[in-house]
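Written below as structure tokens is the structure these notes are about.
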Amino acid sequence: MLTRAPEEPTVREFDAAVTSVDGRDVTLDQTYFYAESGGQPADRGTLGGIPLDDVQKADGSVVHTLASAPDFDEGETITGVIDDDFRTYCMRAHTASHVLYGAGRRILSDLGYGGFDISPEKVRVDFVTTTEIDDGVLVELERLVNRAVWDARPVSWEEVPAEEAFERDDVAFNTKTEEGVMDDSDTIRLVTVEDWDVAACGGTHVSNTLEIGPVTVLDRSNPGEGLTRVEFAVGLTGIDRRATVHRAALDTARELETSVDDAAEAAASLRAEKQSLEAERRELESELLTERITEFEALAKNGAQWHVGVLDGFDSNDAGDVAKDVVREENETDVVAAVGAGERPYLVVAAGSDSGVDAGDVVSRATDEFGGGGGGGATFAQGGGLDADPADVTSFLKDA
């Protein structure tokens, strides 16, 4: 026989006759232990006073795997005790997943079930939807779920003819997790959250959404193409997470010298100010770098006006960008060769298109002379890791 847990989820203790014992595996003439399936884990508890390791369905029976070999035999009557805390948690968590899907029905397009799982700390539901579940949608899902909990909606379950169930548009089917409910069966068990959600499901549930308690959405992710995973918590994990978020919001508001309600606007204003200051800083840095480069020693080589010198405190990318600007904007400057200060200096070369100088060739000669590597084209090239003093590199550039 299969478990009676889904139909009578409040039973926590029962007597049953042992029908078989195979090592640590035991079957009974009846059981109220939930066997792992549909994303819901197996019940915990004791059988004949021995802790359970696992409960699984096998060959039309429920197999109870004990932590140690039993001291009872086939035919004896023993007592099963279901762990109340864990069963109650699973009932709340499983029902909360239905309420979450019902919330999804109201705001997500082209909705379908992609998966479901309960772990001791959190629950996940995988949505198939064309709607992007961004922060705003996530918050609205949480709001709707907790509103449905607050509304104390009755939860019920019944067996209906399979043909009737499949013809109903309001029934959610999860063929991945509920194969045991739907395969080769004349009837399908439907779980209904009144005026909210109907789903084919073989799990254990509370009888009213109010029993779920507060639900806290934790995160979202994309486990596969077309899927959005929403993770949430009921019970202590959710309560602790909500307290952490509330504390962080209060701390943030205090640091921003505003209220929690206005914290987002204050943070956005601060970010805009930071971006403005960052842009101003980069502009000033660019002006300073331009000034440094234009102050390089100027020399004429083969009809081209060169500026060659050492830069301290600027990286090669910034130096390269400004060197190109100087060549473009300063008519009297045809070539800029900037050498970075340091033990392994860089070299950037920018050359005007009419200068007659190939920047890539200049860098190639320098790396042939001093090692390192680099490359580029005729108008711009750069190298790095030169094994030389920066002054020796500038001397090479002037004399070569």
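A side-chain donor-acceptor contact under 3.5 Å links Arg189 to the backbone of Gly203. The backbone N or O of Ala341 lies less than 3.5 Å from no partner atom in the side chain of Asp312, so there is not a single donor-acceptor pair. In this structure, the side chain of Thr131 engages the main chain of Ser109 through a donor-acceptor pair within 3.5 Å. Thr258 places no side-chain N or O within donor-acceptor distance of the main-chain N or O of Ala263, the cut-off being under 3.5 Å. Under a 3.5 Å cut-off, the side chain of Glu76 and the backbone N or O of Asp73 do form a donor-acceptor pair. Of the possible polar contacts, none joining the Ser269 side chain to the Glu265 backbone as a donor-acceptor pair under 3.5 Å is found. Remark: the backbone N or O of Asn208 is paired with a side-chain donor or acceptor of Glu211 at under 3.5 angstrom. Using a distance-only test at 3.5 Å, with no hydrogens or angles considered, a donor-acceptor pair links the side chain of Asn146 to the main chain of Val215. A distance-only check finds a donor-acceptor pair linking the side chain of Thr367 to the backbone of Val363 [under 3.5 Å].
One hydrophobic cluster holds both Val62 and Tyr32 under the rule that ILVMFWY side chains link at heavy-atom gaps under 4.5 Å. Hydrophobic clustering (ILVMFWY, side-chain heavy atoms < 4.5 Å, transitive): Val362 and Leu299 are in one cluster. Tracing side-chain contacts under 4.5 Å through hydrophobic residues (I, L, V, M, F, W, Y), one reaches Trp196 starting from Tyr101; they form part of the same cluster. At a threshold of 4.5 Å between side-chain heavy atoms, the hydrophobic network of Ile, Leu, Val, Met, Phe, Trp and Tyr places Val137 and Leu218 in two separate groups. Note on Val123: it clusters hydrophobically with Leu111, by side-chain heavy-atom contacts below 4.5 Å among ILVMFWY residues.
Salt-bridge annotation for Glu140 and Arg143: present, with a side-chain N of the basic residue lying under 4.0 Å from a carboxylate O of the acidic one. Between Arg282 and Asp318, at least one side-chain N (NZ, or NE/NH1/NH2) sits under 4.0 Å from a carboxylate O, which counts as a salt bridge. The pair Arg254-Asp251 meets the salt-bridge criterion, with a side-chain N (NZ, NE, NH1 or NH2) lying under 4.0 Å from an Asp/Glu carboxylate O. Under the 4.0 Å criterion applied to side-chain N and carboxylate O atoms, Arg229 and Asp219 are not assigned as salt-bridge partners. Checked for salt-bridge contact, Arg147 and Asp151 meet the test: a charged N lies under 4.0 Å from a carboxylate O.
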### Message
Please determine whether side-chain contact (heavy atoms from CB on, under 4.5 Å) holds for the pair Asp387 and Arg344, giving the CA-CA distance in whole Å, both sets of side-chain angles, and the decisive distance to 0.1 Å.
### Response
CA-CA 6 Å; Asp387 186 16; Arg344 305 283 290 185; 3.1 Å; yes
### Message
If you apply the rule side-chain contact (heavy atoms from CB on, under 4.5 Å), what do you find for Gln382 with Asn317, and how did you get there?
### Response
CA-CA 9 Å; Gln382 62 182 22; Asn317 291 330; 4.2 Å; yes
### Val357/Asp334 under side-chain contact (heavy atoms from CB on, under 4.5 Å): CA gap, chis, key distance, verdict
CA-CA 9 Å; Val357 175; Asp334 298 309; over 6 Å; no
### Task
Apply the test salt bridge (Lys or Arg N to Asp or Glu O under 4.0 Å) to residues Asp325 and Arg328: give CA-CA distance (whole Å), side-chain angles for both, the deciding distance (0.1 Å), then the verdict.
CA-CA 5 Å; Asp325 289 340; Arg328 283 194 295 263; 2.4 Å; yes
### Query
Given the rule in the side-chain contact (heavy atoms from CB on, under 4.5 Å) test, do Val191 and Trp157 qualify, once you have shown the distances and angles that lead to the verdict?
CA-CA 4 Å; Val191 175; Trp157 41 89; 4.1 Å; yes
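Rounding to the nearest 0.5 angstrom, the gap separating the CG atom in Asp83 from the CZ atom in Arg44 is 6.5 Å. Once rounded to the nearest 0.5 Å, the distance linking CG of Leu141 with CZ of Arg106 reads 11.5 Å. The distance from the CD atom of Glu369 to the CG atom of Asp392 is 9.5 Å, given to the nearest 0.5 Å. We find the CD1-SG distance between Ile82 and Cys90 to be 11.5 Å, quoted to the nearest 0.5 Å. Taking NE2 from His205 and CE from Met91, the interatomic distance works out to 9.5 Å, rounded to the nearest 0.5 Å. If you take CG on Asp389 and CD on Glu343, they are separated by 10.5 Å, rounding to the nearest 0.5 Å.
When all heavy atoms of Val171 and Ala200 are compared, the closest pair comes out as CG1-N, 4.0 Å. When all heavy atoms are compared, the tightest approach of Gln305 to Ala300 is OE1-CB, 4.1 Å. Here the shortest heavy-atom pairing between Pro41 and Phe86 reads CG-CZ, 3.6 Å. Asp71 and Ile50 make their closest contact through N-CD1, 4.1 Å (heavy atoms, listed as atom of the first residue, atom of the second, distance). For the residue pair Gly114 and Leu227, the shortest heavy atom distance occurs at CA-CD2, 3.9 Å. The heavy-atom pair separating Arg105 from Val198 by the smallest distance is NH2-O, 3.0 Å.
Within a 6.0 Å radius of CD in Glu163, other residues, nucleotides and ligands contribute 12 heavy atoms or fewer. Few gaps surround CD on Gln275; more than 12 heavy atoms of other groups in view lie less than 6.0 Å from it. Surrounding CZ of Arg281 are more than 12 heavy atoms belonging to other residues, nucleotides or ligands, all under 6.0 Å away. Few gaps surround CD on Glu164; more than 12 heavy atoms of other groups in view lie less than 6.0 Å from it. The environment of CG in Asp399 is crowded: more than 12 heavy-atom neighbours from other residues, nucleotides or ligands sit within 6.0 Å.
Donor-acceptor pairing under 3.5 Å is recorded for the side chains of Thr19 and Thr27. When only modelled atom types and interatomic distance are considered, Thr192 and Ser156 share no side-chain donor-acceptor pair under 3.5 Å. A donor atom on one side chain and an acceptor atom on the other are found under 3.5 Å apart for Thr65 and Asp25. A donor atom on one side chain and an acceptor atom on the other are not found under 3.5 Å apart for Thr209 and Arg153. Residues Arg12 and Thr88 have side chains that bring a donor and an acceptor to within less than 3.5 angstrom of each other. Judged by distance alone, the side chains of Gln40 and Thr204 do bring a donor and an acceptor atom under 3.5 Å apart.
Side chains of Leu28 and Phe14 form a contact here, defined as non-hydrogen atoms less than 4.5 Å apart. At least one side-chain heavy atom of Leu397 sits under 4.5 Å from a side-chain heavy atom of Leu347. Side-chain contact check for Glu142 versus Phe232: every heavy-atom pair is 4.5 Å or farther apart. In this structure, the side chains of Asp43 and Leu52 stay at 4.5 Å or more apart for every pair of heavy atoms. A 4.5 Å side-chain heavy-atom check between Thr79 and Asp15 finds at least one atom pair inside the cut-off. Looking at heavy atoms from C-beta onward, Asp315 lies out of side-chain contact with Tyr346 at the 4.5 angstrom threshold. By the 4.5 Å heavy-atom criterion applied to side chains, Lys324 and Thr379 are not counted as neighbours. Contact annotation: the side chain of Leu66 never approaches that of Asp53 to less than 4.5 Å [non-hydrogen atoms, C-beta and beyond].
Phe396 has its ring centre less than 6.0 Å from the ring centre of Phe370.
Taking the six-membered ring where the residue is Trp, His64 and Phe33 present perpendicular rings, their angle passing 60° and hence far from 30°.
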